[in-house]
There are 2 protein chains.
Amino acid sequence: MAGNRAPTIYDVARRAGVAASTVSRAFSRPGRVAAGTADRIRAAATELGYRTNPVARATATGRTSMIALIVTDVTDPATAELLRGAQEAAGAAGFTTVVSDAQDDGVPQREALERALSTVDGAVVAAPHAPDTALRSLVAQRPAVLLDRMLDGLPSVVPDIADGMRRLMAHLAELGHEMVTYVAGPADAWADGMRRRGLRQAGCEYGVQSRRIGPFPATIAGGMTAAGELLRRPTTAVIAYDDLIAIGLIRALTARGILVPQEVSVVGFGNVAASALITPGLTTVASPLRAMGALGVHNLLGLLDGSGSAATDALPVRLVVRGSTAHRRRNPASAGRGSLIVSGAGSYLPVATL
Amino acid sequence: MAGNRAPTIYDVARRAGVAASTVSRAFSRPGRVAAGTADRIRAAATELGYRTNPVARATATGRTSMIALIVTDVTDPATAELLRGAQEAAGAAGFTTVVSDAQDDGVPQREALERALSTVDGAVVAAPHAPDTALRSLVAQRPAVLLDRMLDGLPSVVPDIADGMRRLMAHLAELGHEMVTYVAGPADAWADGMRRRGLRQAGCEYGVQSRRIGPFPATIAGGMTAAGELLRRPTTAVIAYDDLIAIGLIRALTARGILVPQEVSVVGFGNVAASALITPGLTTVASPLRAMGALGVHNLLGLLDGSGSAATDALPVRLVVRGSTAHRRRNPASAGRGSLIVSGAGSYLPVATL
DNA sequence: GTGAAAGCGCTAACAG
DNA sequence: CTGTTAGCGCTTTCAC
């Protein structure tokens with residue numbers, strides 16, 4: 001067991017016969033040093049097994065080359081995808097990523113967050129449901145870019161929800177649907193507001209009527225609850241706030257013997273993995289999550305080195321058509337079963353009324 | 001825009017009328033400083049808005065209070081759950097987590113990994129399919145704990161697979177199954193070896209025969225491929241390497257008109273979210289992922305401060321029974337359809353042969 | 001219990 | 001292009 005501390009630039013300098021600062025330059029800004037010298041230094045370095053010490057570099061420069069990825073739920077598949085994109089971009093740019101899962105706003109998490117923030121140069125934040133104030137206090141500490149959400153004039157990267165809604169409407173209109181129900185997500189969610197606005201516009205554009213129920217929690221359970229309310233006044237098509245609600249809806253409808261998509265078409269937002277696995281597959285709007293994550297760190301890095309605009313980018317979405325949408329049926333009998341009567345109020349699915 | 005650099009211990013020291021070293025002590029080892037002085041210091045600190053600078057502390061101590069969470073796929077739901085557990089435990093212990101997604105072993109990722117490793121005190125590694133050599137070179141650099149996998153004598157935290165297999169067998173035996181097919185995962189996967197061994201033992205124990213097909217990639221596609229091979233010589237029960245393969249199997253079987261669970265019972269390992277969402281729900285073995293992640297960092301931290309044993313812990317699993325398993329049918333006709341004849345080879349499901 | 005002083009390993013002017 | 005010289009902010013002996 002030799003007491004081998006890790007080699008430093010001084011060790012390399014001695015071995016290469018140059019000054020420590022030259023070694024430093026050779027690594028931190030190649031080109032500022034003569035080719036021959038650089039070679040000698042590199043050689044000495046590899047012989048010694050020298051590796052630059054990021055921590056020491058950080059004390060000297062005040063920049064750690066780390067960025068925080070602050071999320072509210074690593075477990076959420078969409079978040080994971082954002083993370084991956086962010087990770088890749090950060091890695092490619094020579095940045096290390098610190099992940100902070102803020103979850104519930106418990107005190108310990110808060111400390112962890114503070115700790116994380118105080119070591120990084122900036123942050124990319126994917127916290128769809130976090131309170132505005134939390135975000136604001138966060139961006140006060142470090143440059144930050146928001147993901148999948150806008151707030152004030154803060155730089156952010158979002159999916160083009162309006163466009164997604166338009167595509168959805170176009171799809172449903174083409175299938176003959178004349179009236180859709182929007183099953184709203186959390187009332188305070190930025191995305192919900194965007195969906196509502198997009199819904200209104202797209203509805204106009206395609207001559208499709210719409211009404212809204214909710215808000216509901218953005219979970220499968222939420223969707224199942226929503227099914228009950230939906231059936232009090234059914235429509236042939238339903239746009240859910242997100243995939244989880246859509247999945248919950250499909251489950252609850254199916255459980256009641258209502259056929260999806262024969263009797264009701266259901267669409268979601270997100271394109272989570274599960275939407276391809278359920279039966280029927282869920283027609284949904286896919287956000288370019290990976291790209292959003294990557295662009296988020298790209299923009300953040302731009303902010304950090306001053307080359308950046310603090311703008312908001314909206315990335316194009318994609319409509320993924322699966323089995324949960326179908327042409328509006330004029331003859332519900334052919335659907336096989338007709339168990340559409342619900343509750344004493346005795347409403348029917350419009351398509352079933354004839 | 002005042003040129004306000006962040007306050008340092010010197011600022012606090014001046015304001016509190018003490019030496020900088022005292023301020024340092026007050027924060028790094030409370031108790032080594034008189035109560036009154038400590039109060040004065042704390043007061044000055046909060047007035048100034050002082051926050052300890054982790055980077056500077058790290059240069060001085062050589063320890064960053066950061067640990068790396070090295071994973072091969074943040075997007076994998078199991079990995080995400082491990083991450084969360086690890087994150088929580090790390091945060092609670094005052095450690096910040098650096099996440100490094102090693103994915104494919106591309107060069108850029110490798111550099112990113114090196115960079116990450118060189119800043120942390122240790123690492124928790126969730127890389128089920130990474131080559132042994134990669135892991136070994138990794139643990140050579142920093143203390144590390146493996147998750148969901150064993151290698152040599154390296155410290156690790158794993159689920160008790162043998163026990164999971166036993167529970168599975170008990171369940172299937174109770175349902176009357178006398179013969180199961182094990183659909184193997186990647187041949188080099190540690191978990192696959194464990195499953196095979198567990199299978200043999202548990203088979204003995206419960207008097208259930210078993211055979212093995214594979215290896216198959218641990219994906220839905222892999223499971224769908226496996227279905228073909230399974231049907232060349234069907235059994236009434238199938239144990240899949242993991243949930244994804246199980247889901248693929250169920251899809252392919254269902255697509256061929258074979259009823260799960262009426263004709264074939266299918267079980268998996270993992271209890272991923274999708275296993276609750278598909279129809280029928282998947283009976284599966286759930287690993288305590290969150291706890292494993294947490295225990296992983298706990299053990300790592302023990303290693304770091306010397307208080308720890310470099311042992312391997314096997315955590316208890318849980319059998320989650322859903323709809324994909326059922327009693328072995330003696331009368332296949334009652335299953336509704338009987339499309340069990342497959343391929344020209346003309347084999348039948350044993351249960352269908354009578 | 002507290003202060004003084006010497007680093008940690010690197011970068012950043014500033015001269016040559 | 002390269003060497004010299006100061007630090008970065010904190011911890012840590014070693015005295016007092």
Side-chain angles (χ1 to χ4, degrees), chain A residues 3-42 44-45 48-66 94 96 115 117-121 305, chain B residues 3-42 44-45 48-66 94 96 115 117-121 305:
Chain A
N4 285 343
R5 7 158 245 92
T8 73
I9 44 172
Y10 294 100
D11 301 318
V12 177
R14 198 172 315 121
R15 204 166 197 324
V18 297
S21 56
T22 307
V23 176
S24 171
R25 284 189 202 97
F27 285 106
S28 51
R29 46 195 54 186
R32 310 278 273 174
V33 81
T37 324
D39 287 346
R40 213 142 27 91
I41 292 179
R42 248 190 309 275
L48 263 45
Y50 168 77
R51 323 226 47 184
T52 75
N53 178 332
V55 178
R57 182 195 299 246
T59 37
T61 61
R63 333 187 80 252
T64 57
S65 287
M66 300 200 275
T96 299
R115 226 180 300 125
L117 268 182
S118 59
T119 56
V120 301
D121 297 337
D305 69 15
Chain B
N4 283 343
R5 6 159 246 90
T8 72
I9 45 171
Y10 294 99
D11 301 319
V12 178
R14 199 171 316 120
R15 203 163 197 325
V18 297
S21 54
T22 307
V23 175
S24 172
R25 284 190 201 98
F27 284 107
S28 51
R29 45 194 55 185
R32 310 278 274 177
V33 79
T37 323
D39 286 347
R40 212 143 27 92
I41 292 179
R42 247 189 310 274
L48 263 45
Y50 167 78
R51 323 226 46 184
T52 74
N53 178 332
V55 179
R57 183 195 299 247
T59 36
T61 60
R63 332 188 81 251
T64 58
S65 287
M66 300 201 276
T96 298
R115 225 180 302 124
L117 268 182
S118 61
T119 56
V120 301
D121 296 336
D305 70 15

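Order of the sequence lines fixes the chain letters, A, B, ..., with proteins taken first and strands second; residue numbering starts at 1 for each chain. This is a predicted model, so every value here is computed, not measured.
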Practice item. Name the nucleic acid region contacted by A:Ser28, choosing base, sugar-phosphate or nothing; use a 4.0 angstrom heavy-atom cut-off, strictly under. Key: sugar-phosphate

Check your understanding: If only side-chain N and O atoms of B:Thr8 are considered, is one of them under 4.0 Å from the OP1 or OP2 phosphate oxygen of D:dG9?
Key -> no

Practice item. Among the candidates D:dT2, C:dT2, D:dT11, find the nucleotide nearest to the side-chain atoms of B:Thr37. Key: C:dT2

Practice item. Over all heavy atoms of both residues, which pair between B:Leu48 and B:Pro7 is shortest? Give the atoms and the distance, please. Key: O-CG, 3.5 Å

Check your understanding: With a 3.5 Å cut-off and just heavy-atom distances, do the side chain of A:Ser21 and the base of D:dT4 make a donor-acceptor pair?
Key -> yes

Exercise for review: In sequence, state the C-alpha distance, the side-chain angles, and the governing distance for B:Thr8 and B:Asn53, and then conclude on side chain to side chain contact (heavy atoms under 4.5 Å, CB included).
Suggested key: CA-CA 8 Å; B:Thr8 72; B:Asn53 178 332; over 6 Å; no

Review point. Of A:Tyr50 and B:Val33, whose nearest nucleotide on DNA chain C comes first from the 5' end?
Key: B:Val33

Exercise for review: Report the distance from atom CZ of B:Arg32 to atom P of C:dT2, rounded to the nearest whole Å.
Suggested key: 12 Å

Exercise for review: Using only side-chain N and O atoms of B:Tyr10, determine if any of them is under 4.0 Å from OP1 or OP2 of D:dT11.
Suggested key: no

Revision key, fill the gap. Regarding the side chain of A:Val18, the nearest nucleotide among D:dG3, D:dC10, D:dT2 is D:dG3

Exercise for review: Check the distance between D:dG7's P and B:Arg5's CZ and give it to me in whole angstrom.
Suggested key: 13 Å

**Study point:** B:Arg57 CZ - C:dG7 C1' separation (whole Å)
**Key:** 17 Å

Point to revise | Value in whole Å for how far the C1' atom of C:dG9 lies from CG of A:Asn53 | key: 6 Å

Exercise for review: Tell me, with the steps shown, if A:Ile9 and A:Tyr50 meet side chain to side chain contact (heavy atoms under 4.5 Å, CB included).
Suggested key: CA-CA 8 Å; A:Ile9 44 172; A:Tyr50 168 77; 3.4 Å; yes

Point to revise | C:dT11 phosphate, OP1 or OP2, under 4.0 Å from A:Ser24 side-chain N/O | key: yes

Check your understanding: For the base of D:dG9, is there a side-chain donor-acceptor partner from B:Thr59 under 3.5 Å away?
Key -> yes

Practice item. For B:Arg51 and D:dC10, give me the distance from atom CZ to atom C1', rounded to whole Å. Key: 16 Å

Exercise for review: Determine the contact category for B:Arg63: base if any of its heavy atoms lies under 4.0 Å from a base atom, sugar-phosphate if only primed atoms, P, OP1 or OP2 are that close, otherwise nothing.
Suggested key: nothing

Study note, to complete from the structure: Among D:dC8, C:dT2, D:dC10, the one nearest any side-chain atom of B:Ile9 is D:dC10

Check your understanding: With a 3.5 Å cut-off and just heavy-atom distances, do the side chain of A:Arg25 and the base of D:dG3 make a donor-acceptor pair?
Key -> yes

Review point. Could B:Asp11 and B:Arg5 be called an ion pair, given the rule that one side-chain N must be under 4.0 Å from one carboxylate O?
Key: yes

Review point. Measuring from A:Met66:CE to B:Thr64:OG1, what's the distance to the nearest 0.5 Å?
Key: 7.5 Å

Exercise for review: Remember a base hit wins even if backbone is also touched, and classify B:Thr61 as base, sugar-phosphate or nothing at under 4.0 Å, heavy atoms.
Suggested key: sugar-phosphate

